[in-house]
Amino acid sequence: MKELSISALNQSLKNKDFTSVELTEYFLKRIKKYNKDLNAVITSFDEKALNSAKLADEKIATGAAPDLCGIPILHKDIFCTKGELTTCGSKMLANFVSPYNATVVENFEKSGLISLGKTNMDEFAMGSSNETSYFGVVKNPWALDCVPGGSSGGSAAAIAARLAPAATATDTGGSIRQPAALCGVTGIKPTYGSVSRWGMIAFASSLDQGGPIAKTSEDCAMLLKCMASFDHKDSTSIENKRPDYVSKLYQPIDGLKIGLPKEYFSEGLHPGTQEAVENAIEVLKGLGAKITEVSLPNSKLSVPAYYVIAPAEASANLSRYDGVKYGYRCKNPVDLEDLYVRTRSEGFGEEVQRRIMIGTYCLSSGYYDAYYKKAQLAKELIIQDFQTAFSDVDLIIGPTCPSPAFQHGTKSDNPVEMYLEDVYTIAVNLAGLPGMSIPCGLVSKKPVGMQIIGNYLEEPAMLQVAHQFQNVTDWHKAVPGNF
Ligand code: GLN
């Protein structure tokens with residue numbers, strides 16, 4: 001069951017080869033057995049999941065069940081799940097039980113998918129290694145001494161170890177694509193505004209976007225179809241109909257124009273990663289894609305611009321955690337200021353506090369023009385670079401990360417080095433574009449990801465290239481030995 005695709009699972013459930021209860025039990029057992037090695041899942045819904053599976057089986061028996069009904073899925077612990085813990089990887093929310101479902105969770109549950117539990121993540125989605133979670137580090141199933149990437153490392157590790165067929169994740173600067181790359185799974189960050197942010201705990205609202213992590217591009221397309229929707233409760237939700245993510249998958253890519261940004265294949269890229277991505281590009285050439293070089297001259301501005309904009313928005317978003325309304329509250333505050341100061345000093349971890357301080361500083365009067373405004377101008381240049389490139393090519397392809405998974409602890413004392421993990425992913429968020437990562441090789445037995453970037457709402461073309469690549473290669477089928 002663990003190697004079946006979403007469409008195969010869908011078909012098997014409809015054919016009654018097995019029931020949703022059997023499928024759900026199977027994955028709950030895998031979580032029990034393997035999660036202690038990984039720490040990828042921090043809440044498992046056991047009884048509730050089995051009850052939902054029973055209902056799904058009844059719906060399937062009527063012959064009128066929607067697609068994907070009865071398929072179990074994990075949710076990143078950033079998505080609110082009604083009546084269940086939603087911690088965002090933080091002590092601040094370690095006791096928070098959400099009174100409502102995020103729209104994403106609601107969309108999946110309405111279609112009859114089974115919420116299996118919640119995945120570990122970097123605290124408030126800030127990180128690239130899953131070492132900042134209050135609930136402990138997540139281990140990479142390919143090498144337990146290495147990081148799974150972040151911040152959706154729990155989701156990526158869980159799918160790599162086949163603890164569920166799919167998981168939700170979020171990406172503010174790379175957090176779907178980077179862990180997908182380091183764990184050898186497929187993940188897509190859709191165009192900003194495609195997936196509702198309602199009930200998805202805010203980090204940097206102008207950049208945050210939810211998306212799926214699964215084994216294949218086809219799985220991601222089917223999940224995205226269910227996940228993406230217009231939501232009047234999210235003021236930045238795109239009102240137009242979502243593109244058809246699925247039907248283009250099966251068309252050949254002959255003649256498709258792909259641009260390779262020269263800035264993404266330069267200094268700082270691990271030679272093994274470079275070789276794997278170059279080999280993958282040869283495969284695409286073999287499928288008839290036309291490859292040319294493009295330039296994104298302002299891409300060097302993306303990391304510095306992001307580390308002004310994201311902390312600035314985070315400092316505003318996280319001001320709501322004050323110990324008054326919900327979440328952690330310090331013991332015996334002597335007055336209001338003591339309540340605020342101690343609640344926030346005790347409830348937030350070091351990285352979150354660092355971001356709040358940077359963001360507050362950048363937004364303070366006198367510094368606003370020097371930092372925030374300048375970062376917004378850099379963002380405009382980055383957007384223009386992409387639009388210039390897309391006037392020549394259909395898609396842009398490059399590495400997802402500079403190197404394969406690194407060992408725990410090797411970058412956690414050096415925030416700037418950690419921030420550079422997202423050097424190839426961040427520009428996509430600043431521009432609001434869709435980006436995905438698919439497995440394209442192994443270097444020293446650790447996975448490497450290839451990144452595919454599309455113009456606005458061009459997910460169907462990205463998913464198509466990824467699917468055609470996965471049709472003729474086996475990297476997405478590689479499973480870490482012990483799982
Ligand atoms: N690694 C980046 C950061 O630490 C991006 C995180 C994300 O996409 N949520 O902010």
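Hydrogens, waters and symmetry mates are skipped; everything else that's a heavy atom, side chains included, is used. None of the values given here were measured: they were computed from a predicted structure.
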Mind checking whether Tyr367 and Tyr371 have parallel, tilted or perpendicular rings, split at 30° and 60°? tilted
Pro439 backbone acceptor or donor facing His476 side chain under 3.5 Å: no
Assess whether a salt bridge exists between Glu84 and Lys118, defined as any Lys/Arg side-chain N lying under 4.0 Å from an Asp/Glu carboxylate O. no
Basic-acidic side-chain contact under 4.0 Å: Glu421, Lys411: yes
Between Tyr424 and Gln451, do the side chains contain an N or O donor and an N or O acceptor separated by less than 3.5 Å? no
Do Gln387 and Asn455 have a side chain donor and acceptor closer than 3.5 Å? yes
Residue pair Tyr264 / Ser299, side-chain donor-acceptor N/O under 3.5 Å: no
Between Glu218 and Thr216, is there a side-chain donor-acceptor contact under 3.5 Å, judged purely by atom types and distance? no
Distance only, no hydrogens: is a donor on one side chain within 3.5 Å (strictly under) of an acceptor on the other, for Ser217 and Gln464? no
Carboxylate-amine/guanidinium proximity below 4.0 Å for Asp208 and Arg197: no
Polar contact flag, side-chain donor to acceptor under 3.5 angstrom, Ser229-Arg242: no
Polar side chain donor-acceptor pair, Ser133 to Asn120, under 3.5 angstrom: yes
Applying salt bridge (Lys or Arg N to Asp or Glu O under 4.0 Å), run through Glu346 and Lys91 and close with a yes or a no. CA-CA 8 Å; Glu346 294 164 17; Lys91 179 178 178 185; 5.4 Å; no
Under a 3.5 Å threshold, yes or no: a donor from one side chain and an acceptor from the other, between Ser151 and Lys76? yes
So, for Tyr100 and Gly199, which heavy atoms are closest and what is the spacing to 0.1 Å? CE1-CA, 3.9 Å
Would you say Glu278 and Gln274 are linked by a side-chain donor-acceptor pair, where the criterion is simply a distance under 3.5 Å? yes
Any donor-acceptor N or O pair under 3.5 Å, side chains Ser98, Thr86: no
Which heavy atom of Trp198 sits nearest to which heavy atom of Asp234, and what is that distance? N-CB, 4.4 Å
If we ignore hydrogens and angles and just use 3.5 Å, is the side chain of Asn317 paired with the main-chain N or O of Phe203 as donor and acceptor? yes
Run the ring-centre check on Phe108 versus Phe79 and record whether the distance is less than 6.0 Å. no
Donor + acceptor pair across side chains of Glu313, Ser205 (<3.5 Å): no
Within the 4.5 Å heavy-atom criterion, are Ile438 and Ile452 side-chain neighbours or not? yes
Are the charged groups of Arg177 and Asp171 less than 4.0 angstrom apart, N to O? yes
Just so I know, are the side chains of Pro434 and Leu457 near enough to count as touching, which here means a heavy-atom distance under 4.5 Å? no
Do Leu182 and Pro447 come close enough that some side-chain heavy atom pair is under 4.5 Å? no
For Leu223, the option from Ile188, Ile213, Ile73 that meets side-chain contact (heavy atoms from CB on, under 4.5 Å): Ile73
Short side-chain donor-acceptor distance under 3.5 Å, Glu459 and Thr191: yes
Asn130 side chain to Val137 backbone, donor-acceptor under 3.5 Å: no
